[in-house]
Asks: 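Pasting a structure below so you can have a look.
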Amino acid sequence: MIVTRFAPSPTGYLHIGGLRTALYSYLWAKKNGGKFLLRIEDTDLKRNSLEAAKAIEEAFRWVGLKQDGDIYYQSKRMNVYKEHIQKLLNEGKAYYCYMSKDELDALREEQMKAKQRPRYDGRYRDFTGTPPSGVEPVVRIKTPISETITFSDGIKGEISVKTDEVMDDFIIARSDGTPTYNFVVAVDDHYMGITDVIRGDDHLSNTPKQIVVYKAFGWDLPKFYHVPMILNPQGKKLSKRDGAMDVMEYKKEGYLPEVLLNFLVRLGWSHGDQEIFTMDEMLEFFDPKDINKSASAYNAEKLLWLNAEFIKNMSYVRFEKELIYFGLDLKNVDKKEVLIDALRERAKTLKEFSQKAGAILERPASYEAKAVKKFLKANAKEVAKEFVNYLNGYKEDLDIPADYEKLIVGFLEQYNLKLKDIAQIIRIAIVGSAVSPSIYDIMCIIGKDELEIRVNNLIQFMEKRDEQN
RNA sequence: GGCCCCUUCGUCUAGCGGUUAGGACACCGGCCUCUCACGCCGGUAACACGAGUUCGAGUCUCGUAGGGGUCACCA
């Protein structure tokens, strides 16, 4: 069985890079009938916060990635790590190092000056004398000397590093006794039964260290997949400055969770020419072997396009449900289906949708100056008045947009006008600007009575304007 | 700087020794049209460079250049 995990450290919100590796892990496990686990890496008490952990969980809930079983918190497993550190100590595979932080810094500086790679010199590796007093020791693991550590990465291929060149006896327990990252990752991945580790390729260079831990305990290695980073549009590493990194920010901006997932799955992975995937299709087609080797740049326009595609095909009930978050309650809107259909092809996000809907549902607070100047010419007032008269005398049904089209056609015939002569007047009367969905749709949405009110309001406005001139 | 990784249109990518190098976003035309969109049709645009291997290279090998990652008592 395949078991994967996502293991964020709770130092901030969940960002889209993290979400993508989580998605890949989730997909790979679920596709194979396996398990996807969530582990919060909170060993560094100073930098973690409970709120951050909660924020990550909230983001997971929003996108609908559900972990199997309970969430693991490393802070609750300290005794396990301590036991294992003790075990290595007992077996002589790790040792206490009494070098103080100051001494270490001095050594590092010296090495830097000599243009050497800063590296612990192993001075306590075989130390048997009396330890210096007043120093709380750290625990270091013995990394093999003159060995080549080789592993096969599912994305990058065969990777091998020479221990003497790039590794030293790294610290597995700080002087306060708390374990460090590379140690706990290996211990947890082993006990959680992780078979496939899918993570960002910034961890590629940590992998040999974790392998040292695995080997010290004699454990089998999981498979590793190091997925390339996501770059910003400038091709640099995505950072907070690029904005919109927080997954929850996408909710606020009116993106659908499945769109974010769809967008992310295609960033660095593909299945032929397919752009749009349902969750079932992602599960069917995803395979980490198809993940690209190179980093990919974040492309906000494509995300927007994808969101628009999904909105175009979204159900009415889903619209009603999602729009509540944006302060738009469609429950009492009589022609909500006409509203939705009129706007779904004009709004790329739910946020934009709710703004545009508001412009139709609420009476315009003012009339856009440019539109007034361009379309409300001298005869506009008369045309509008004639329209109100015609509307008052109109006895046919006014229920669907086509009924309003009949209304307009009749009006144009009677007064020998062109559609152009009336369309913008009605539009401005209803939404206050020269841009909106079809006038038949928006007339239908607000209904006959409201239509009359709004056209009259516009007539009043024009009268006032004409008086001033 | 050492080590590791990467390199096809502006961007996401397809390609797995023989292709007019395909698709998508964006962009530019045109059509549709009551405005704006949507939709439809069409277009511009890429194999980083240099050597090999081969009858033949985007595809294999090696260099060069460029980009990224990483070198903590952070994760």
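Computed from heavy atoms alone, side chains included, the values below leave out hydrogens, waters and symmetry copies.
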Asks: Between B:A26 and B:A37, how far apart are the two P atoms, rounded to whole Å?
Replies: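 Taking atom P in both B:A26 and B:A37, they lie 13 Å apart.
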Asks: Taking the P atom of each, how far is B:G63 from B:G56, in whole Å?
Replies: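 Looking at atom P only, B:G63 and B:G56 are 23 Å apart.
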Asks: Quick check for you: among B:C12, B:A72, B:C38, whose closest atom lies nearest to any side-chain atom of A:K312?
Replies: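 Out of B:C12, B:A72, B:C38, the nucleotide with an atom closest to A:K312's side chain is B:C38.
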Asks: Have a look at A:I439 and say if it touches a base, only the backbone sugar-phosphate, or nothing, with a 4.0 Å heavy-atom cut-off.
Replies: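 Since a base atom lies under 4.0 Å of A:I439, the category is base.
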Asks: Which is true for A:S175 with a 4.0 Å heavy-atom rule: it touches a base, it touches only sugar-phosphate, or it touches nothing?
Replies: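 Result for A:S175 = base.
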Asks: Looking only at atom P, what distance separates B:C5 and B:G10, rounded to whole Å?
Replies: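 About 27 Å, rounded to a whole number of Å.
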Asks: Once you apply the 3.5 Å cut-off to both distances, tell me the Watson-Crick or G-U wobble partner of B:C3, or none.
Replies: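 Partner of B:C3: B:G69.
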Asks: Taking any heavy-atom pair under 4.0 Å as a contact, classify A:P437: base, sugar-phosphate, or nothing.
Replies: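 Base: the residue A:P437, judged by heavy atoms under 4.0 Å, touches a nucleobase.
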Asks: Between the base of B:A75 and the side chain of A:N206, is there any donor-acceptor pair under 3.5 Å?
Replies: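 Yes.
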Asks: Which of these nucleotides, B:C6, B:G69, B:A72, is closest to any side-chain atom of A:D202?
Replies: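 Selected nucleotide (nearest to the side chain): B:G69.
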Asks: What interatomic distance, in whole Å, is found between C1' of B:U20 and the corresponding atom of B:C12?
Replies: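 Each nucleotide's C1' atom is 24 Å from the other's.
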Asks: Decide whether a cation-pi geometry holds between A:R39 and A:Y73; the criteria are a distance under 6.0 Å from NZ or CZ to the six-membered ring centre and an angle within 45° of the ring axis.
Replies: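 No - A:R39 does not lie over the ring of A:Y73 by the 6.0 Å and 45° rule.
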Asks: If you check the A:R266 side chain, which of B:U35, B:G23, B:C5 turns out closest?
Replies: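 Comparing B:U35, B:G23, B:C5 against the side chain of A:R266, the answer is B:G23.
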Asks: Any base atoms under 4.0 Å from A:E275, or only sugar-phosphate, or nothing? Heavy atoms, all strands.
Replies: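 Since a base atom lies under 4.0 Å of A:E275, the category is base.
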Asks: Can any side-chain N or O of A:S160 pair as donor or acceptor with the backbone N or O of A:T150 at less than 3.5 Å?
Replies: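 No; judged by distance alone, with no hydrogens or angles, the pair does not exist.
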Asks: Could a donor-acceptor pair under 3.5 angstrom be found where the side chain of A:R427 meets the base of B:C34?
Replies: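 Check passes, donor-acceptor contact within cut-off.
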Asks: Report which part of the nucleic acid A:A434 touches: base, sugar-phosphate, or nothing (heavy-atom distance under 4.0 Å, all strands).
Replies: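 Base contact.
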Asks: Identify whether any heavy atom of A:V138 sits under 4.0 Å from a base atom; if not, whether one sits that close to sugar-phosphate; answer base, sugar-phosphate or nothing.
Replies: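 Since a base atom lies under 4.0 Å of A:V138, the category is base.
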Asks: Strictly by Watson-Crick or wobble contacts shorter than 3.5 Å, is anything paired with B:G52, and which nucleotide is it?
Replies: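 Base-paired to B:C60.
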Asks: Does any donor-acceptor pair link the side chain of A:S205 with the base of B:C4 at a separation under 3.5 Å?
Replies: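 No pair found.
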Asks: Between B:A24, B:A75, B:U35, which nucleotide gets closest to the side-chain atoms of A:W305?
Replies: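 Nearest to the side chain of A:W305 among the choices is B:A24.
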Asks: Using a 4.0 Å heavy-atom cut-off, does A:K293 contact any base of the nucleic acid, only the sugar-phosphate backbone, or nothing at all?
Replies: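 Answer is sugar-phosphate: A:K293 comes under 4.0 Å of backbone atoms only.
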Asks: Nearest nucleotide by nearest heavy atom, which residue falls closer to the 5' end of RNA chain B, A:S436 or A:H271?
Replies: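 By nearest-heavy-atom nucleotide position, the 5'-most residue is A:H271.
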Asks: When you measure from the side chain of A:K302, which nucleotide among B:G23, B:U13, B:C73 comes out closest?
Replies: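 The answer is B:G23, which lies nearest to the side chain.
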Asks: If we take the P atom in both B:U64 and B:C28, what is their distance in whole Å?
Replies: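 After rounding to an integer number of Å, I get 43 Å for this pair.
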Asks: Base, sugar-phosphate alone, or nothing: which one does A:D176 contact when heavy atoms must sit under 4.0 Å apart?
Replies: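 It contacts nothing in the nucleic acid.
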Asks: Checking all strands, does A:E309 fall into the base, sugar-phosphate, or nothing category for heavy-atom contacts under 4.0 angstrom?
Replies: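 Sugar-phosphate, backbone atoms only, no base.
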Asks: So what does A:R108 touch, heavy atoms closer than 4.0 Å: a base, only the sugar-phosphate, or nothing?
Replies: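 Sugar-phosphate contact only.
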Asks: Using the C1' atom as the reference point in each nucleotide, state the distance between B:C31 and B:G58 in Å, no decimals.
Replies: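 Looking at atom C1' only, B:C31 and B:G58 are 37 Å apart.
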Asks: Mark yes or no for whether A:E83, through its side chain, and A:V80, through its backbone, hold a donor-acceptor pair below 3.5 Å.
Replies: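 Flag not set: sc A:E83 to bb A:V80 has no pair under 3.5 Å.
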Asks: Could you check whether A:E165 pairs with A:R117 (Lys NZ or Arg NE/NH1/NH2 to Asp/Glu carboxylate O, under 4.0 Å)?
Replies: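 Salt bridge between A:E165 and A:R117, a charged N being under 4.0 Å from a carboxylate O: no.
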Asks: On the side chain of A:E345, is there an atom forming a donor-acceptor pair with the base of B:G39 - under 3.5 Å, no angle test?
Replies: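 No, no donor-acceptor pair under 3.5 Å.
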Asks: Heavy atoms under 4.0 Å, any strand shown: does A:S296 hit a base, just sugar-phosphate, or nothing?
Replies: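 Touches sugar-phosphate only.
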Asks: Taking atom C1' in both B:U19 and B:A51, what distance in whole Å separates the two?
Replies: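 Roughly 25 Å separates the two C1' atoms.
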Asks: Return the CG to CZ distance between A:L19 and A:F6, rounded to the nearest 0.5 Å.
Replies: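 Reported to 0.5 Å precision, the distance equals 7.5 Å.
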Asks: Let's test your reading of the model: under 3.5 Å, does the base of B:G22 pair with the side chain of A:D273 as donor and acceptor?
Replies: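 A donor-acceptor contact between them is present.
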Asks: Please give, in whole Å, the distance from B:C71 P to A:M167 CE?
Replies: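 Computing the A:M167:CE to B:C71:P distance gives 12 Å.
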Asks: Taking the side chain as C-beta and beyond, is there a heavy-atom pair between A:F183 and A:F170 under 4.5 Å?
Replies: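 Side chain of A:F183 against side chain of A:F170, heavy atoms only: no contact under 4.5 Å found.
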Asks: Distance to the ring centre below 6.0 angstrom and angle to the axis at most 45 degrees; does that hold for A:R344 and A:Y316?
Replies: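 Yes; both conditions hold, so A:R344 lies above the ring face of A:Y316.
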Asks: Could you work out the separation of B:C49 and B:A65 based on their C1' atoms and round it to a whole Å?
Replies: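 One C1' to the other, the span is 7 Å.
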Asks: With both distances kept under 3.5 Å, what pairs with B:A46, Watson-Crick or G-U wobble?
Replies: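 Paired with no nucleotide.
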Asks: At under 4.0 Å between heavy atoms, what does A:N299 touch on the DNA or RNA strands: base, sugar-phosphate, or nothing?
Replies: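 Base, at least one base heavy atom under 4.0 Å.
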Asks: Working to the nearest 0.5 angstrom, can you tell me the gap between A:D441 CG and A:D341 CG?
Replies: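 The CG atom of A:D441 sits 8.5 Å away from the CG atom of A:D341.
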Asks: Whole angstrom is fine here: how far is it from NZ in A:K356 over to C1' in B:C36?
Replies: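 Spelled out: NZ on A:K356 to C1' on B:C36 is 8 Å.
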Asks: Rounded to whole Å, how long is the line connecting atom CH2 of A:W269 with atom P of B:A24?
Replies: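 Whole-Å distance recorded here is 18 Å.
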Asks: Among B:C3, B:U7, B:A72, which nucleotide has an atom closest to any side-chain atom of A:E165?
Replies: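 Closest of the options to the side chain of A:E165: B:C3.
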Asks: For A:M99, report the nucleic acid contact type (base, sugar-phosphate, nothing); a contact means any heavy atom under 4.0 Å.
Replies: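 Here A:M99 touches the bases of the nucleic acid.
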Asks: Please tell me which of A:A173 and A:K156 maps to the more 5' nucleotide of RNA chain B, matching each residue to the nucleotide holding its nearest heavy atom.
Replies: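 Here A:K156 is the residue nearer the 5' end.
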Asks: Could you check whether A:L267 gets within reach of a base, just the sugar-phosphate, or nothing at all, counting any heavy atom under 4.0 Å?
Replies: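 Since only primed, P, OP1 and OP2 atoms lie under 4.0 Å of A:L267, the category is sugar-phosphate.
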Asks: Nearest to the A:V435 side chain among B:U11, B:C5, B:U35, which nucleotide is it?
Replies: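 From the listed options, B:U35 comes nearest.
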Asks: Working to the nearest 0.5 angstrom, can you tell me the gap between A:D188 CG and A:E41 CD?
Replies: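 Spacing of CG (A:D188) from CD (A:E41) equals 7.0 Å.
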Asks: Would you kindly check whether a donor in the side chain of A:R346 faces an acceptor in the base of B:C36, or vice versa, at under 3.5 angstrom?
Replies: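 Yes, the side chain and the base share a sub-3.5 Å donor-acceptor pair.
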